[in-house]
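Each chain gets a letter, A, B and so on, in the order the sequences are listed, and its residues count up from 1.
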Number of protein chains: 2
Amino acid sequence: MNITMDEAIVRRSLHDELVERLQRLIIEGELTPGEKVPEKELCERYNVSRTPMREALKVLASEGLVTLTPNRGSSVTAVTVDDLEEVFPVMGALEALSGELACEKITDVEIAAISKSHHEMIGHYKAKRLPEYFAANEAIHTAILKAARNDTLAAQHRMLSARVRRARYLANMTRERWEKAVAEHEDILAALEARDGRKLGIILKHHLRNKLETVSEWLKANDRG
Amino acid sequence: MNITMDEAIVRRSLHDELVERLQRLIIEGELTPGEKVPEKELCERYNVSRTPMREALKVLASEGLVTLTPNRGSSVTAVTVDDLEEVFPVMGALEALSGELACEKITDVEIAAISKSHHEMIGHYKAKRLPEYFAANEAIHTAILKAARNDTLAAQHRMLSARVRRARYLANMTRERWEKAVAEHEDILAALEARDGRKLGIILKHHLRNKLETVSEWLKANDRG
DNA sequence: TGACATAATTTTGAATGCAAAATTAAATAT
DNA sequence: ATATTTAATTTTGCATTCAAAATTATGTCA
């Protein structure tokens with residue numbers, strides 16, 4: 001066998017592991033939208049048989065990352081502007097809810113941690129370190145979601161965010177947008193510290209809408225879909 | 001073979017068909033919460049092999065209807081009060097959004113259809129025909145969701161509603177609650193006809209909260225969770 | 001008899017095998 | 001040469017098989 005085994009899987013159920021790995025491949029763009037999923041190739045790469053691979057693909061399909069066409073396999077779902085305009089309102093509703101719930105339940109310790117991430121993020125912004133900025137940003141949103149203490153909410157959000165994260169990776173922000181996003185984050189932290197759930201919900205929804213605009217402008221410019 | 005074949009499947013992909021059938025089994029309570037899913041039995045019943053059955057179970061697991069435990073198979077996820085209290089806020093947010101979007105996009109024809117269902121529902125209420133009432137009720141909510149023109153939203157809602165519908169089946173309403181629900185439906189129709197999205201969103205969220213109370217009271221009374 | 005160990009059985013997870021469908025390649029006719 | 005069959009190949013969906021893990025049954029000894 002002439003296969004590189006260095007990516008072979010060891011722990012827990014294969015299909016579960018595969019779901020995660022394929023998700024990453026799609027989100028990070030190694031598998032590009034519209035492309036047919038090379039089932040056989042992936043099986044060889046991860047050194048698994050088709051059974052767990054196909055199980056994983058079924059799960060990804062139910063999450064909307066992959067599209068199954070009867071008798072002709074699976075392809076990576078394309079991210080179109082239309083698609084994003086569907087997903088974002090739903091995510092917006094979920095984020096708003098997460099903000100409201102978080103304010104009810106968040107602890108001082110958690111707020112402190114978010115505040116820390118926030119200031120780190122500002123530092124990365126000022127130094128124009130985009131990847132680190134993104135990481136801190138994501139940490140904040142994840143922390144808010146976690147503070148909402150609702151696994152169902154978190155799961156739904158995670159599913160949708162997988163569908164758009166890919167797009168977010170590609171679209172880079174203009175100077176003004178970035179500035180605006182940072183300003184919004186100041187409001188987010190303030191609302192959180194004031195435990196003003198309604199306000200936080202509204203801000204998060206707006207914040208997301210701005211992201212949508214960034215991304216969908218980019219998509220329209222670099223049309224492919 | 002000593003198996004009744006009358007439930008055997010013919011059309012489209014087996015796993016897809018199975019997802020639907022198992023969902024029904026769970027929602028309608030033939031498979032009860034906590035119970036281990038009798039994989040082999042179900043395979044025989046539907047006359048399929050374990051491969052598509054397991055694919056279907058993986059999908060249901062990602063939707064939260066069943067729980068997979070490594071090396072010891074799948075069991076029907078139990079609906080506890082805690083669980084419901086997680087799911088309902090999320091559904092509430094989605095329903096509110098569906099109300100808002102529906103008001104923006106709904107056609108006069110669709111409103112007329114909903115109005116018709118509404119009046120039928122009132123008829124069933126007055127005649128105390130509970131099952132027919134439920135059916136008309138569901139038709140209305142489905143129509144609103146459809147009018148929102150957002151497949152992502154519909155899909156998310158459908159997933160969550162599967163998790164609670166089962167509970168709704170069991171819990172029957174008191175006279176006052178029923179009356180209240182009908183009154184709320186008058187408001188729903190009115191907001192829809194006025195195309196007042198914000199208002200409809202709020203009403204739908206309240207409406208759902210009342211449902212939660214009905215169901216969770218029942219669950220607490222008949223505790224099994 | 002009851003606690004523990006050991007063997008038989010069942011269940012589970014995943015690989016392999018096989019037939020039908022789809023795709024590609026080759027061949028024939030126009 | 002181009003369109004149209006026809007044949008070969010690949011891919012897909014599902015059944016079957018197999019090994020490992022878990023469960024149950026049986027046996028042993030205090």
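For R129(B), the side chain to side chain contact (heavy atoms under 4.5 Å, CB included) partners are H124(B), A127(B), E132(B), not counting sequence neighbours. Applying the ring pair (Phe, Tyr, Trp, His ring centres under 6.0 Å) criterion to H157(A), with sequence neighbours excluded, gives no partner residue. Residues satisfying the side chain to side chain contact (heavy atoms under 4.5 Å, CB included) test with E110(A), not counting sequence neighbours, are I106(A), T107(A), A147(A), R149(A). Legend: residues meeting side chain to side chain contact (heavy atoms under 4.5 Å, CB included) with S49(A), ordered by chain and number and at least two apart, are T51(A), P52(A). For E85(B), there are no salt bridge (charged side-chain N to carboxylate O under 4.0 Å, His left out) partners at least two apart in sequence or on another chain.
Of the N and O atoms on the side chains of T67(A) and S75(A), not one donor lies less than 3.5 Å from an acceptor on the other residue.
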Distance-only donor-acceptor hits, side chain of residues 133-141 of chain A, under 3.5 Å, sequence neighbours excluded:
unit_1: N137(A); atom_1: OD1; unit_2: H141(A); atom_2: NE2; d: 3.2
unit_1: H141(A); atom_1: NE2; unit_2: H185(A); atom_2: NE2; d: 3.4

Summarise protein proximity over nucleotides 8-21 of chain D in one line of letters, 5' to 3': B for base, S for sugar-phosphate only, - for none, counting protein heavy atoms closer than 4.0 Å. ---SBBSBB----S
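Comparing the end axes of the helix from dT1(C)-dA30(D) to dT30(C)-dA1(D), each fitted to five base pairs by superposing C1' atoms of four pairs onto the next four, gives an inter-axis angle of 10° (nearest 10 degrees).
Sorted by first then second residue, the salt bridge (Lys or Arg N to Asp or Glu O under 4.0 Å) pairs that include residues 55-80 of chain B, not counting sequence neighbours, are R54(A)-E55(B), E55(A)-K58(B), K58(A)-E55(B).
Distance E17(A) CD to dG13(C) P: 16 Å, rounded to the nearest Å. Here dT12(C) presents its P atom at 12 Å from CD of E41(B), a figure rounded to the nearest Å. The distance between atom OH of Y46(A) and atom P of dA14(C), rounded to the nearest whole Å, is 16 Å.
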